[in-house]
Engineer: 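What follows is a single structure, and I will ask about it in a moment.
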Amino acid sequence: MKNIDLGFGAKLAVLLPLLLNLSASYATENQTMDTPDAGPASSSSSSPISGAQTYSLTDAQRADLAAKAETGDAEAAFRLSLYYTFASSDEAQRIRWLTIAAKAGHVVAQHNLAYDLYMSGKDLAGAAHWAAESAKNGNAEAGDLLKEIEAARAKARGSHP
């Protein structure tokens, strides 16, 4: 794979299958995040939720998730990275929370961070580290990504894999 900068749409096409690995209960929990007084989300609800609604958070919810993430809650940090990817489009905050989630052991965050670092071409060593961590933690797809990263690293050093 050539190391090129893909646009947001292409990145989304690559990352979307990984994002879909979110548990059904976690996605259902987010259906009512904008209405704190609402009861649990019902699977028989007649109104579907949009992608923006799925990732939207109130200021209070962001503050709560940030507090949890800062104390090591990988899922809270990953949830914030999704918010900053899809609802807010704040690249610096997205990378910040994605990195926190990866460091806390979130397998999908580790893979996504490895992919981002690889595609940017700025930190192939970091990309290799996070791909290896994700693979070590059970993500079979991360092994393929690691092979691509290692090939890019070898090419950058002027050798062949």
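Just so you know, residue 1 is the first one in the sequence shown, and it goes up from there.
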Engineer: Show the nearest heavy-atom pair for residues Ala77 and Ile100, with the distance to one decimal.
Structural biologist: CB-CG2, 3.7 Å
Engineer: Begin with the C-alpha distance, continue with both residues' side-chain angles, and end with the deciding distance and a verdict on salt bridge (charged side-chain N to carboxylate O under 4.0 Å, His left out) for Lys68 and Asp64.
Structural biologist: CA-CA 6 Å; Lys68 289 177 181 176; Asp64 181 55; 3.4 Å; yes
Engineer: May I ask whether Ile95 and Phe78 are part of the same hydrophobic cluster, defined by side-chain heavy atoms of I, L, V, M, F, W, Y residues being less than 4.5 angstrom apart, directly or through others?
Structural biologist: no
Engineer: Once rounded to the nearest 0.5 Å, what's the spacing between atom CZ of Arg157 and atom CG of Leu124?
Structural biologist: 9.5 Å
Engineer: Which atoms form the tightest heavy-atom contact between His111 and Ser134, and what is the distance?
Structural biologist: CB-OG, 3.6 Å
Engineer: Listed by chain and number, what are the side-chain hydrogen bond (donor to acceptor under 3.5 Å, both in side chains) partners of Asn137, not counting sequence neighbours?
Structural biologist: Gln110
Engineer: Linking I/L/V/M/F/W/Y whenever any side-chain heavy atoms sit under 4.5 Å apart, do Leu145 and Val107 land together?
Structural biologist: no
Engineer: Could you pull out all residues at least two apart from Asp144 that satisfy side-chain hydrogen bond (donor to acceptor under 3.5 Å, both in side chains)?
Structural biologist: none
Engineer: Can you check whether Lys103 reaches Trp130 side chain to side chain, under 4.5 Å on heavy atoms?
Structural biologist: yes
Engineer: How far apart are the closest heavy atoms of Ala69 and Ala76, and which atoms are they?
Structural biologist: N-CB, 3.9 Å
Engineer: Measuring from atom CD of Glu70 to atom CG of Leu65, what distance do you get when rounded to the nearest 0.5 angstrom?
Structural biologist: 11.5 Å
Engineer: State, to 0.1 Å, how close Gly143 and Ala135 come at their nearest heavy-atom pair, and which atoms those are.
Structural biologist: N-CB, 4.1 Å
Engineer: About how many Å separate CZ of Arg94 and OH of Tyr84, when rounded to the nearest 0.5 Å?
Structural biologist: 13.0 Å
Engineer: Are any of the side-chain heavy atoms of Thr99 and Leu113 separated by less than 4.5 Å?
Structural biologist: yes
Engineer: With sequence neighbours left out, write down each residue that passes side-chain hydrogen bond (donor to acceptor under 3.5 Å, both in side chains) with Lys136, or none if nothing qualifies.
Structural biologist: Glu133
Engineer: Is Lys147 salt-bridged to Glu141, going by a charged N under 4.0 Å from an acidic O?
Structural biologist: no
Engineer: Give the minimum heavy-atom separation between Leu117 and Asp123, together with the two atoms involved.
Structural biologist: CB-O, 3.7 Å
Engineer: Is any side-chain heavy atom of Leu57 less than 4.5 Å from a side-chain heavy atom of Leu80?
Structural biologist: yes
Engineer: Would the distance check show the side chain of Ser81 and the main-chain N or O of Trp97 forming a donor-acceptor pair, the cut-off being under 3.5 Å?
Structural biologist: no
Engineer: Looking at Arg62 and Tyr83, would you say the former's side chain and the latter's main chain have a donor-acceptor pair under 3.5 Å?
Structural biologist: no
Engineer: What heavy-atom pair brings Ala128 and Glu150 nearest, and what distance separates the two atoms?
Structural biologist: CB-OE2, 3.5 Å
Engineer: Supply the atom-to-atom distance His106 NE2 to Asn112 CG, rounded to the nearest 0.5 angstrom.
Structural biologist: 9.0 Å
